[in-house]
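Being a predicted model, the structure only gives us computed values, none of them experimental. Start at 1 and go down the list; that is how both ligands and their atoms are numbered. Quick note: residue numbers are just sequence positions, from 1. Just so you know, these numbers use all the heavy atoms, side chains as well, and skip hydrogens, waters and symmetry mates.
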Amino acid sequence: MADRTTLVLASGNAGKLREFQHLLGPLGHEVRPQQDFAVTEVEETGLTFVENALLKAREASRVSGFPALADDSGLDVDALQGAPGIYSARFAGEPKDDAANNRKLLEALEGVPEGQRTARFWCVLVYLRHAEDPVPHIVQCAWEGEILAHPRGEDGFGYDPLFWVPERGMSAAELPAEDKNRLSHRGRAMTALLAQLSGDS
Ligand SMILES: O=c1nc[nH]c2c1ncn2[C@H]1C[C@H](O)[C@@H](COP(=O)(O)OP(=O)(O)OP(=O)(O)O)O1
Ligand SMILES: [Mg+2]
């Protein structure tokens, strides 16, 4: 990514937008939400995070004419054999609802004791220089944690209130934004993507 790139974030998620602006703004990059260009949500028909991220990035770049960054992410819970996984955003059905998803996750894990509630967030980032870019930059990162029995904290988004961060002894929704950005699946994936892109124009 060149110095001071303007890119479109191929996401309708305000929580992701906040985190990417925090990660990329200080480096001089302008992160514009896809809503600025009237990009509408694509159907996430892939069977993997990477396929879904590619679909989102391609559409946002096609419509906006800018390089696009897409994030497809989700929660992988061991006791649920990897669910909700790529279906995390709609775990409790349509329309997407974080509170309903969190309730459904707690129900699904009822009776599962501490120690067997291990989980991880996955984040797959795709960067396309243009809509027909045949060589997308792709990174995949996980963030290990455990699913709490009760929500804690007010910050973040999505499943953050139920995601225990062992290395910090608090939930992801209790972590200061700066710390979440440094530790999280998304923060570390962005760092890895920037490393991959350095030297690229
Ligand atoms: O740091 C996170 N903290 C809490 N929850 C998170 C995080 N990262 C992903 N998640 C959850 C939210 C959503 O339930 C799913 C992502 O689904 P995903 O399709 O990638 O995003 P989305 O539909 O909200 O927005 P969009 O597709 O427009 O980018 O995983
Ligand atoms: Mg989505």
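Protein heavy atom closest to atom 28 (O) of ligand 1, with residue, atom name and distance, is Gly12 N, 2.9 Å. In terms of protein heavy atoms, atom 14 (O) of ligand 1 is closest to Ala89 CA, 3.2 Å. Among all non-hydrogen protein atoms, the one lying nearest atom 9 (C) of ligand 1 is Ser73 OG, 3.2 Å. What sits closest to atom 8 (N) of ligand 1 on the protein, heavy atoms only, is Arg186 NH2, 2.9 Å. When hydrogens are left out, the protein atom nearest atom 5 (N) of ligand 1 is Tyr159 N, 3.1 Å; that is the closest non-hydrogen contact. Nearest protein neighbour of atom 3 (N) of ligand 1, counting heavy atoms only, is Asp160 OD1, 2.6 Å.
A parallel orientation is assigned to the rings of His185 and Trp143, their planes being inclined by less than 30° (bins at 30° and 60°). The aromatic rings of Phe37 and Phe66 are tilted relative to each other, their planes meeting at an angle between 30° and 60°.
Within ligand 1, counting atoms from 1 as listed, the ones closer than 4.0 Å to a heavy atom of Glu44 are 19 (O), 27 (O). Ligand 1 places these atoms under 4.0 Å from at least one heavy atom of Gly74: 30 (O). Numbered from 1 in the order shown, with element, the atoms of ligand 1 that lie under 4.0 Å from a heavy atom of Asp72 read 18 (P), 19 (O), 20 (O). Those atoms of ligand 1 that come under 4.0 Å of a heavy atom in Gly158, given as number and element, are 4 (C), 5 (N). Every atom of ligand 1 is numbered from 1 in the order shown, and the set under 4.0 Å from a heavy atom of Asp71 is 20 (O), 29 (O). Below 4.0 Å from some heavy atom of Lys96 lie the following atoms of ligand 1, by number and element: 22 (P), 23 (O), 25 (O). Below 4.0 Å from some heavy atom of Ser88 lie the following atoms of ligand 1, by number and element: 14 (O), 15 (C), 30 (O).
Taking CG from Asp72 and CG from Leu55, the interatomic distance works out to 9.0 Å, rounded to the nearest 0.5 Å. Residue Leu106 holds its CG atom at 8.5 Å from CG of Leu148, rounded to the nearest 0.5 Å.
Close to ligand 1: Lys180, with a non-hydrogen atom less than 4.0 angstrom away. Using a 4.0 angstrom heavy-atom cutoff, Lys56 counts as in contact with ligand 1.
Counting just the N/O/S atoms of Glu44, the one with the shortest distance to the Mg ion (ligand 2) is named OE2.
With hydrogens and angles left out, the side-chain atoms of Arg186 and Ser73 include a donor and acceptor closer than 3.5 Å. A donor atom on one side chain and an acceptor atom on the other are found under 3.5 Å apart for Asp78 and Thr118.
When hydrophobic clusters are built by joining Ile, Leu, Val, Met, Phe, Trp and Tyr residues whose side-chain heavy atoms come closer than 4.5 Å, directly or via intermediates, Leu9 is grouped together with Leu125.
In Phe157, the parts holding a heavy atom less than 4.0 Å from any atom of ligand 1 are both the side chain and the backbone. When non-hydrogen atoms are compared, ligand 1 lies under 4.0 Å from the side chain of Lys16 (C-beta onward) but not from its backbone.
Checked for salt-bridge contact, Lys56 and Glu43 miss the test: no charged N lies under 4.0 Å from a carboxylate O. Between Lys104 and Glu107 there is no salt bridge, since no side-chain nitrogen of the basic residue lies less than 4.0 Å from a carboxylate oxygen of the acidic one.
Within 6.0 Å of CD on Glu167 lie more than 12 heavy atoms contributed by other residues, nucleotides or ligands. Few gaps surround CD on Glu144; more than 12 heavy atoms of other groups in view lie less than 6.0 Å from it. Within 6.0 Å of CD on Glu94 lie more than 12 heavy atoms contributed by other residues, nucleotides or ligands.
Considering both main-chain and side-chain atoms, Phe121 never comes within under 3.5 Å of ligand 1 through any nitrogen or oxygen pair. Close N/O approach between Asn13 and ligand 1 is found [any backbone or side-chain N/O within under 3.5 Å]. Where the criterion is an N or O separation shorter than 3.5 Å, residue side chain and backbone included, Glu19 fails it with respect to ligand 1. Between Gln34 and ligand 1, not a single N/O pair is under 3.5 Å apart.
Judged by distance alone, with hydrogens and angles left aside, the side-chain atoms of Tyr127 form no donor-acceptor pair with the main-chain N or O of Leu194 at under 3.5 Å.
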